[in-house]
Amino acid sequence: MKPIRWSNHALQKIVYREIDRVDVERTLHEPHYSIPGDPPRSILMRRYFDTRLQQEMLLRVVIEDTETERIVITVYKTSQIEYYLKGLLQ
């Protein structure tokens, strides 16, 4: 896998949105879903149980892949799982 570079924005959002960096890294390495975003971006998604909120959430990680690295642009979690996975679930 390519080296990962974290944007300052992504690092700030991890703290502000109280997202465990381990969950973000797991999503980067083993996403449940991957969809194209606005080029050249992609969105990696993973369902997980948020222990702080005590509910299932969907973690969305917006990335840009270059020839030499993967850049994490932003990170956010949502409880609107069905909305974001519409059309992906069979």
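Numbers here simply count residues along the sequence, with the first being 1.
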> What residues form a side-chain hydrogen bond (donor to acceptor under 3.5 Å, both in side chains) with Thr74, not counting sequence neighbours?
Replying inline: His9
>> On a heavy-atom basis, which atom in Pro3 and which in Thr68 lie closest, and how many Å separate them?
In response: CD-O, 3.3 Å
>> Using every non-hydrogen atom in the two residues, find where Lys13 and Val75 come nearest and quote the distance to one decimal.
In response: CB-O, 3.8 Å
Find the distance between [atom1] ([X]) and [atom2] ([Y]) and round it off to the nearest 0.5 Å.
| X | Y | atom1 | atom2 | result |
| --- | --- | --- | --- | --- |
| Lys77 | Thr27 | NZ | OG1 | 12.0 Å |
| Leu85 | Thr78 | CG | OG1 | 10.0 Å |
| Leu44 | His32 | CG | NE2 | 12.0 Å |
| Ile35 | Ile43 | CD1 | CD1 | 4.5 Å |
| Lys86 | Gln80 | NZ | CD | 10.5 Å |

>> I'd like to know if the side chain of Ser7 reaches the main chain of Val72, judged simply by a donor and an acceptor atom lying under 3.5 Å from each other, with no hydrogens or angles considered.
In response: yes
> For the side chain of Lys2 and the backbone of Thr66, is there at least one donor-acceptor N/O pair under 3.5 Å apart?
Replying inline: yes
>> Tell me every residue that passes salt bridge (Lys or Arg N to Asp or Glu O under 4.0 Å) with Arg26, counting only those two or more places apart in sequence or in another chain.
In response: Asp23
>> Once side-chain hydrogen bond (donor to acceptor under 3.5 Å, both in side chains) is applied, what residue pairs with a partner in residues 51-65 remain, sequence neighbours excluded?
In response: Glu18-Arg52, Arg41-Glu64, Arg47-Glu56, Arg60-Tyr76, Asp65-Arg70
> More than 12 non-hydrogen atoms from neighbouring residues, nucleotides or ligands closer than 6.0 Å to OH on Tyr83, yes or no?
Replying inline: no
I'd like to check [X] versus [Y] (side-chain heavy atoms, cut-off strictly below 4.5 Å). Are they in contact?
| X | Y | result |
| --- | --- | --- |
| Met45 | Val61 | no |
| Val24 | Leu59 | yes |
| Arg21 | Trp6 | yes |

